[in-house]
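Since the structure is predicted, the reported quantities are computational estimates derived from the model, not experimental observations. Along the sequence shown, residues carry numbers from 1.
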Amino acid sequence: MNSVIFDYIKEIVPQEDMLFNEPMSRHTTFRLGGEAKCLLKIKDKGQLIKLIPYLQITGQDYYILGNGSNLLVGDKGYSGFIVKLDGSMGRVIVSDGRMTVPAGTLMAKAAATARDYSLTGMEFASGIPGTVGGGIVMNAGAYGGEMRQIVESVEVMNRKGEILVLDNETMEFGYRTSVIKKRPFIVLEAVLKLQAGNRAEIDAKMEELSVKRREKQPLEFPSAGSTFKRPEGYYAGKLIMEAGLRGFSIGGACVSDKHCGFIVNAGGATASDVKEVIEEVQKRVEEKFGVRLEREVIFLGDF
């Protein structure tokens with residue numbers, strides 16, 4: 001790393017929060033991937049406001065990371081900066097049926113906080129493994145719930161370090177997308193509007209959804225959740241199964257026997273294994289049904 005760049009960054013990020021040649025297997029739910037040249041743990045938005053414009057001005061490659069639940073990092077690693085939004089970026093504040101939630105907060109933690117305050121509307125998110133920031137970017141959802149149903153406003157930062165507040169309509173939420181997929185914004189925090197509920201009923205709903213997940217999803221293996229978006233008029237898992245790909249594997253990566261919409265690290269998989277399985281699934285489904293499956297999983301770095 002250029003020493004001038006290093007000297008500037010360490011004025012923003014304490015040296016103990018700068019991890020060099022960091023294995024990305026420690027920071028993704030696939031539990032695989034090569035090394036990042038430098039991973040920066042960010043613990044408050046003031047650091048981001050200083051850091052991102054500097055990385056932009058100096059032409060550095062960087063990637064904003066939450067929980068790594070939708071990410072496949074290549075075996076040869078990533079030569080830029082991984083900017084990891086730490087879960088300690090701030091505390092969740094609850095007032096008048098609203099929760100102000102820092103971007104680095106795990107979705108499960110936010111859902112549990114809502115439950116603790118007897119607020120309903122976020123039960124669907126209790127088993128989603130990502131962060132609130134990532135959930136907002138992709139309008140994460142499950143079992144009939146989506147982030148767009150509960151987001152009142154989102155505080156974002158642009159590449160110049162300027163802070164903007166976007167309301168729900170401006171966020172342009174759609175199926176697994178938002179305006180942030182099209183614009184270079186970084187989510188800092190969100191205000192979620194929830195409803196007063198009964199704590200016991202909320203608990204019961206969260207447990208019900210947890211049971212469904214355990215029954216239907218291969219939670220016993222590392223994965224990035226649903227590998228593909230749902231094609232209009234179809235279900236990705238059903239297409240994959242009907243293409244004869246249940247259990248299809250390359251190396252340690254395979255199409256789950258339990259749910260064909262999941263590609264899992266069944267043990268010792270490489271990023272290349274996963275990538276090859278994804279591409280073969282796309283190829284065979286398109287050949288058989290004329291439907292091109294679109295990845296939810298993001299590829300980063302060199303394979």
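Results of the side-chain contact (heavy atoms from CB on, under 4.5 Å) test with Ile64 over Ile52, Ile82, Val137, Val187 single out Ile52 as the only residue that passes. Tested against Cys38 for a side-chain contact (heavy atoms from CB on, under 4.5 Å), the candidates Tyr62, Phe20, Phe6, Tyr78 yield a single pass: Phe20. In summary, of the residues considered (Val255, Leu239, Thr227), a side-chain contact (heavy atoms from CB on, under 4.5 Å) with Val281 occurs for Val255 alone.
Counting all heavy atoms, side chain and backbone alike, Val285 lies closest to Leu245 at CG2-CD1, 4.5 Å. Closest of all the heavy-atom pairs between Leu106 and Pro129 is CD2-O, 3.9 Å. Across Val291 and Pro231, no two heavy atoms sit closer than the pair CG1-CB, 3.8 Å. When all heavy atoms of Leu194 and Ala114 are compared, the closest pair comes out as CD1-CB, 3.7 Å. Between Gly237 and Cys260, the shortest heavy-atom contact is O-CB, 3.4 Å. The nearest pair of heavy atoms linking Asn139 to Arg148 is OD1-N, 3.0 Å.
Residues passing the salt bridge (Lys or Arg N to Asp or Glu O under 4.0 Å) test with Arg176, sequence neighbours excluded: Glu146, Glu296.
Judged by distance alone, the side chain of Asp302 and the main-chain N or O of Gly74 form no donor-acceptor pair under 3.5 Å. Between the side chain of Gln47 and the backbone N or O of Asp44, at least one donor-acceptor pair lies under 3.5 Å. Side-chain N or O atoms of Gln282 include one that pairs as donor or acceptor with a backbone N or O of Leu293 at under 3.5 Å. A side-chain donor-acceptor contact under 3.5 Å links Thr105 to the backbone of Pro102. Using modelled atom types, one side-chain atom of Thr113 and one backbone atom of Lys109 make a donor-acceptor pair closer than 3.5 Å. Without hydrogens or angle criteria, Asn265 side chain to Phe30 main chain gives a donor-acceptor distance under 3.5 Å. Of the possible donor and acceptor atoms, one in the side chain of Tyr175 sits under 3.5 Å from a partner among the backbone N and O of Arg230. A donor-acceptor pair under 3.5 Å is formed between the side chain of Thr29 and the backbone N or O of Ser223. Judged by distance alone, the side chain of Ser226 and the main-chain N or O of Phe228 form no donor-acceptor pair under 3.5 Å. Panel note: side chain Gln56, backbone Gly161; no donor-acceptor pair is recorded below 3.5 Å.
With no hydrogens or angles considered, a side-chain donor-acceptor pair links Thr170 and Asp167 at under 3.5 Å. No hydrogens or angles considered: nothing links the side chains of Tyr54 and Gln60 as a donor-acceptor pair under 3.5 Å.
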Note to self: Please determine whether side chain to side chain contact (heavy atoms under 4.5 Å, CB included) holds for the pair Met147 and Leu192, giving the CA-CA distance in whole Å, both sets of side-chain angles, and the decisive distance to 0.1 Å.
What the structure shows: CA-CA 9 Å; Met147 291 302 287; Leu192 309 180; 4.2 Å; yes
Next item on the list: Verify side chain to side chain contact (heavy atoms under 4.5 Å, CB included) between Ile9 and Phe81, making sure each step is shown before the conclusion.
Entry: CA-CA 11 Å; Ile9 291 175; Phe81 291 92; 3.7 Å; yes
Check: side chain to side chain contact (heavy atoms under 4.5 Å, CB included) between Met24 and Leu65: does it pass, once the steps are laid out?
Finding: CA-CA 11 Å; Met24 289 305 293; Leu65 179 70; 3.9 Å; yes
Next item on the list: Evaluate the criterion side chain to side chain contact (heavy atoms under 4.5 Å, CB included) for residue pair Ile298 and Tyr63; output intermediate values, then yes/no.
Entry: CA-CA 11 Å; Ile298 296 165; Tyr63 181 83; 3.6 Å; yes
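The number of heavy-atom neighbours closer than 6.0 Å to NZ of Lys50, taken from other residues, nucleotides and ligands shown, is 12 or below.
Under a 4.0 Å N-O distance rule, the pair Lys275/Glu279 qualifies as a salt bridge.
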